[in-house]
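The structure under discussion appears below in the form of structure tokens.
The chains referred to below are lettered A, B, ... by the order of the sequence lines, with proteins before strands, and numbering in each begins at 1.
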Amino acid sequence: MSGIRTRFAPSPTGYLHIGGARTALFNWAYARRHGGHFVLRIEDTDRERSTEASEIAVLEGLRWLGIDWDEGPFRQSERAGRHAEVVEALIAAGRAYRCVCSKEELEERKQRTIAAGDKWTYDGRCRDANHAADCGPHVVRLRMPAEGHIGFEDLVFGPSGQDAREIGDAIIRRSDGVPLYHLAVVVDDADMEISHVIRGADHLNNTPLQLAIYDAMGAKPPIFAHVPLIVSAGGKKLSKRMDDVSVQSYREQGYLPEAVTNWLVRLGWSHGDQEVFSRDEIRELFSLDSVGRGGAQADPDKLAWLDQHYIKALPREALMKLLTPFLEQVAGVSVTPPPGLEQLVDLLRERSKTLIEMAQGARFALVDTVEYEEKAAAKFLKPGSDALLQDLHDALAAIDDWNEKNLETAIHAVRERHELGMGKVAQPIRVAITGTTVSPGIFETLAALGKDRTLARMAAAVGFVRGG
RNA sequence: GCUCCCAUCGUCUAGUGGCCUAGGACGUGGCCCUCUCAAGGCCAAAACACGGGUUCGACUCCCGUUGGGAGCGCCA
């Protein structure tokens, strides 16, 4: 083993969104690339907002994307004892202290400081008071060095850091005894021997504080790599409320997981001019050196393009399996695939951006009777067209061996007899059998539909024209 | 407000001082193909935020300006 250990540590307070998914993907890819371990840890210390449903959704999202983990999922809440132990040890070692300043007092002093034109960090009133455990309601604060710079080398952003005095004595344990996030992550990452922390750039400013905690604990800090945030169309940080960005919603819209991972990995990372990356290529080629520093907007059009690419390449059997739920969805009932459906699906692959789109394109083959789109019928099944349709019906009825070649011969014969262009013949047939003006090539489509159903629909169209 | 960060076509990006009259991809427009819709092929429009330096030479280095973002919680 390489000793490289990465982790993804989502808080289960909603669905897995694309920003988190990309962070997970990067961590996973980095671990795989270097033969390391990828650890999953659920950060559920915020009991108010964490839910089990959300945790399940996050795990399902990761599995769907093909992101597998080697250890976990661990729950941060289960490690409360360990966190408490570390805080006590820090106090005992003089690296942290109890603070009895109330929120109200603090707020007042803060306002006064700001009003005076100074900037606020904790003023250190309790710093050397040496409050004992029985001092009443209190928080625990980290004793920060009074001066000096806490610097580190970020694998993406390069030399980074902050002056210790800018940070101040941060709270590491709340008055209810629950440790804060910064303490918990550091303890967990240290205990789990995480070697590389790859996370969103919104944590760049938190890193010096966390480094101070590592130092206080006497633990060796990991290497950090902050990846730029995925921003919404407006350029702002993604918001779960404002932007529909859950991985689940892409799944429901009929996108393939390969397309989504390919899309996400190219947001902030590149490998020369290459655009298409299979999951295997991601794990073989991913490198933090090639991660950019600017925020990236996710482009839905590019996802659609990638999805079509992967749909085209998907083996037939796998495609049918994935498509089935969507077929049932558009047909409204559970369907037994009609003969010729696989043939039709092959025709549809080149013209579908998502599985839903493909299912919609196959809908006409799933239903018993087609309903004509109003405009389509008005244009191609208008009064007087019954003679042509009847002729076509009869010519098709005469075909013994129902294949593309024979269909083409038969239809062309009728076309020539009526002295019409192909468009004048194909479109009425298309509307008759699909109800719409759009479908794959007419001969292939008829071949896939089958003789019986084609004839029934042609006859129905004749009846429609004659009956008004 | 304070601290930190970022800045190449509409979007994702290549580019690490001369290879750049800045490359690729998505999207957009046009043409070809054509029974519709796609797919495919060809072509096109489209960017180094601005101003100073440094240098023989800057997209690339430095400074400033502008613009954008993040962090400053007894949230994670």
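Judged by Watson-Crick or G-U wobble contacts below 3.5 Å, the nucleotide rG51(B) has rC63(B) as its partner. Shown here, rG27(B) forms no base pair; nothing in the strands shown gives a Watson-Crick or G-U wobble contact with both key distances under 3.5 Å.
Of the side-chain N and O atoms in Lys302(A), none sit less than 4.0 angstrom from OP1 or OP2 of rU13(B). The shortest distance between the side-chain N/O atoms of Thr45(A) and the OP1/OP2 oxygens of rA76(B) is below 4.0 Å. Between Arg174(A) and rC75(B), a side-chain N or O to OP1/OP2 separation shorter than 4.0 Å is present.
Figure legend: cation-pi geometry between Arg141(A) and Tyr122(A), with NZ or CZ positioned under 6.0 Å from the six-membered ring centre and within 45° of its axis. For the pair Arg22(A) and Phe26(A), the cation sits on the ring face: its NZ or CZ lies under 6.0 Å from the ring centre, inside 45° of the axis.
Under 3.5 Å, the side chains of His196(A) and Asn27(A) contain no donor-acceptor pair of N or O atoms. Between the side chains of His226(A) and Thr207(A), a donor-acceptor pair is found at a separation under 3.5 Å.
Between rA76(B), rC74(B), rA70(B), one nucleotide has an atom nearer to the side chain of Ser175(A) than all others, and that is rC74(B). Checking rG71(B), rC12(B), rC74(B) against every side-chain atom of Gln297(A), the shortest atom distance belongs to rC12(B).
No side-chain heavy atom of Val345(A) sits less than 4.5 Å from a side-chain heavy atom of Arg316(A). Counting heavy atoms from C-beta on, the side chains of Thr434(A) and Val370(A) never come closer than 4.5 Å.
Aromatic rings from Trp263(A) and Tyr310(A) are positioned such that their centres are separated by 6.0 Å or more. For an aromatic pair to be called close, the ring centres must be under 6.0 Å apart, and Phe8(A) with Trp69(A) fails this.
Judged by distance alone with a 3.5 Å cut-off, a donor-acceptor contact links the side chain of Glu275(A) to the base of rG24(B). Side-chain N/O atoms of Arg293(A) and base N/O atoms of rC5(B) include no donor-acceptor pair closer than 3.5 Å.
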*When you check every protein heavy atom under 4.0 Å of nucleotides 18-23 of chain B, what one-letter string (B, S, -) results, 5' to 3'?*
-----B

*Protein proximity profile, nucleotides 28-37 of chain B - base contact B, sugar-phosphate-only contact S, no contact -, cut-off 4.0 Å on heavy atoms*: -------BBB

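One can place NE2 of His149(A) at 11 Å from C1' of rU3(B), the figure rounded to the nearest angstrom. Rounded to whole Å, the distance from CZ on Arg165(A) to C1' on rC2(B) is 11 Å. Nucleotide rA76(B) holds its C1' atom 11 Å from the NE2 atom of His17(A), rounded to whole Å.
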